[in-house]
Amino acid sequence: MAEPYDSLETRSAEEREASQFECLRAQLAGTTAPALRARLEGVTLDALTDRDVLAALPVLRKADLVEMQRADPPFGGLAALAPEGFDEIFQSPGPIYEPGRSSVPDWWRFARALHAGGIGAGDRVLNAFSYHLVPAGTMLASGARALGAAVLPGGVGNTEAQVALAADAGATAYVGTPDFLKVMLEKAGEVGQDLSRIRKAWVSGGALFPTLRSYYAEHRIACLQGYATADLGNIAYETAPDAGLVVDEGVILEIVRPGTGDPVGPGEVGEVVVTLLNADYPLLRFATGDLSAFLDGPSPCGRTGPRIKGWMGRADQTTKVKGMFVRPEQIAAILARHPEVLKARLTVTRAHEQDVMDLAVETADSAVAAPLGDTMREVLKLRGEVTPVTPGSLPNDGKVIDDQRSYE
């Protein structure tokens, strides 16, 4: 268990709250972001001193952000800098555009999360997050470099090449999605490469299932997980297995009732809403669409910040499969190309430590499976099975995506 990254992680709750809201008031008072200034019209910033006052402000949802960016590209009037003032402009599915400043050390605040995972100076970190279009790879590379670690920019896929890179360069740590390190270890065994120097792993972009963490422990790899998004950067991170995730010092995190902006009661599951303390891109009450709950009491590691249980699914039916979001509207897009299908339900399960998708479709045409599978890969960018079923046999409960994976 790593020592705290800095004194911010061990300050009192009262000191943290006062400091964070002082920072929030200052960045909102000085912001030049036109859309944010419009959202603050009529708000008395001097009164914005605690979470109760913050909860009265409107929530910003991804759908709102998409519309704002279409009207005022690329950042919807929410960035305090002109587009050329940033180092990068990323594109995530939606599309949603995110700014980046990789020239500013640890701009996305991942250093403290990686430090909690034992990563630091002297490490050689294989970064298996994507560097293509989305910001994940650049985010984690920035955090690792801030700690003095060397980064091996693996990116996504190309398993055999990444195994060779990790073996030849002597990787000591891995960052990436939870499943891919296991894929690499198995491939290394097949091709006779030695990845035994990897002793630390920090994973995100999907659930770290207990059996997978146990698998890594059997391979003498200490694996911790974090919670982050492309819009917000680091949000929360583990400091020890099964001890919850400590909320990052650079965000104010609320748990609200899904579909509203109203905070839920202590320990109640709700939607994660985040206010970002970043004057360059000061997102205010941004709804992630993810479910979680606050945990009682301080972390056993000595950090005093609030803790959340971790990712507990989506507030809507959207889920993550192999690190990729799968949304109900994507299932609708698949069916729009196949009018012979009356109804469908996507079931997500686990098998052999991998996410598995099966699309059950009500149809009288059993030959639809193959072409529908092709459409599924094209729309979702993921492979899955297609199972034709008798018309009328799927439950009449409005559910399009049924995530049956256990998160306990």
Side-chain angles (χ1 to χ4, degrees), residues 1-13 15-17 19-20 106 108-123 125 127 129 136 139-140 142-149 172-178 181 198-210 212-217 219-229 232-253 255 266-267 272 274 277 288 290 292-312 407-408:
M1 188 180 296
E3 292 296 314
Y5 180 68
D6 56 24
S7 62
L8 297 181
E9 294 186 319
T10 55
R11 54 187 169 170
S12 69
E15 184 182 3
R16 176 177 292 104
E17 191 94 338
S19 176
Q20 288 185 329
D106 198 29
W108 292 275
R109 311 171 323 282
F110 278 92
R112 69 173 66 251
L114 295 178
H115 170 82
I119 295 172
D123 275 313
V125 182
N127 184 4
F129 283 111
M139 286 176 165
L140 271 297
S142 175
R145 287 198 303 268
L147 294 170
T172 61
Y174 164 92
V175 298
T177 56
L181 177 56
I198 296 179
R199 289 286 175 259
K200 312 161 191 175
W202 190 95
V203 301
S204 190
L208 174 59
F209 294 92
L212 191 55
R213 198 195 306 257
S214 296
Y215 173 88
Y216 292 141
H219 286 74
R220 299 171 59 200
I221 298 172
C223 183
L224 294 181
Q225 63 184 320
Y227 170 45
T229 73
L232 300 162
N234 180 38
I235 299 172
Y237 52 96
E238 279 189 325
T239 62
D242 304 318
L245 278 69
V246 176
V247 176
D248 182 64
E249 299 292 333
V251 303
I252 299 172
L253 188 148
I255 305 289
V272 176
V274 175
L277 301 178
T288 64
D290 295 323
S292 194
F294 281 118
L295 295 175
D296 290 333
S299 171
C301 69
R303 291 166 176 82
T304 57
R307 293 179 300 148
I308 59 174
K309 190 170 182 179
W311 188 77
M312 299 174 67
Y407 296 96
E408 296 297 328

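All residue numbers refer to positions in the sequence shown, counting from 1. Just so it is clear, the values below take in all heavy atoms, side chains as well, and ignore hydrogens, waters and symmetry mates.
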For the [atom1] atom of [X] and the [atom2] atom of [Y], what is their distance to the nearest 0.5 Å?
X	Y	atom1	atom2	value
I308	I235	CD1	CD1	7.5 Å
L245	S299	CG	OG	10.0 Å
L114	L140	CG	CG	5.5 Å
L224	L208	CG	CG	8.5 Å
K309	S292	NZ	OG	8.5 Å

What are the two closest heavy atoms between [X] and [Y], and how far apart are they?
X	Y	answer
A228	S204	N-OG, 4.0 Å
A293	G267	CB-O, 3.7 Å
Y237	A113	CB-CB, 3.6 Å
T10	P4	CG2-CG, 3.7 Å

*Does the side-chain contact (heavy atoms from CB on, under 4.5 Å) test come out yes or no for R11 and S19, once each step is laid out?*
CA-CA 10 Å; R11 54 187 169 170; S19 176; 3.3 Å; yes
Using distance alone, with no hydrogens and no angle criterion, decide if [X] and [Y] have a side-chain donor and acceptor under 3.5 Å apart.
X	Y	value
R16	T304	yes
D106	S142	no
T288	Y227	yes
N127	Y174	no

Is there a donor-acceptor pair under 3.5 Å between the side chain of [X] and the backbone N or O of [Y]?
X	Y	result
R307	D296	yes
Y216	P178	yes
K200	A173	no
T177	G205	no

*Scan Y5, F110, W202 and name whichever one has a ring pair (Phe, Tyr, Trp, His ring centres under 6.0 Å) with H115.*
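So the option named by the test is Y5.
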_Given V272, D248, V274, V251, the one that forms side chain to side chain contact (heavy atoms under 4.5 Å, CB included) with L232_ = V274
*So do the side chains of T172 and V125 get within less than 4.5 Å of each other, counting heavy atoms only?*
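No, too far: nothing below the 4.5 Å cut-off.
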*Would you call R109-E249 a salt bridge at under 4.0 Å N-O?*
no
*asked:* Testing R112, R213, R303 one by one against E238 for a salt bridge (Lys or Arg N to Asp or Glu O under 4.0 Å), which residue passes?
replied: R213
*Apply the test side-chain contact (heavy atoms from CB on, under 4.5 Å) to residues V175 and V203: give CA-CA distance (whole Å), side-chain angles for both, the deciding distance (0.1 Å), then the verdict.*
CA-CA 6 Å; V175 298; V203 301; over 6 Å; no
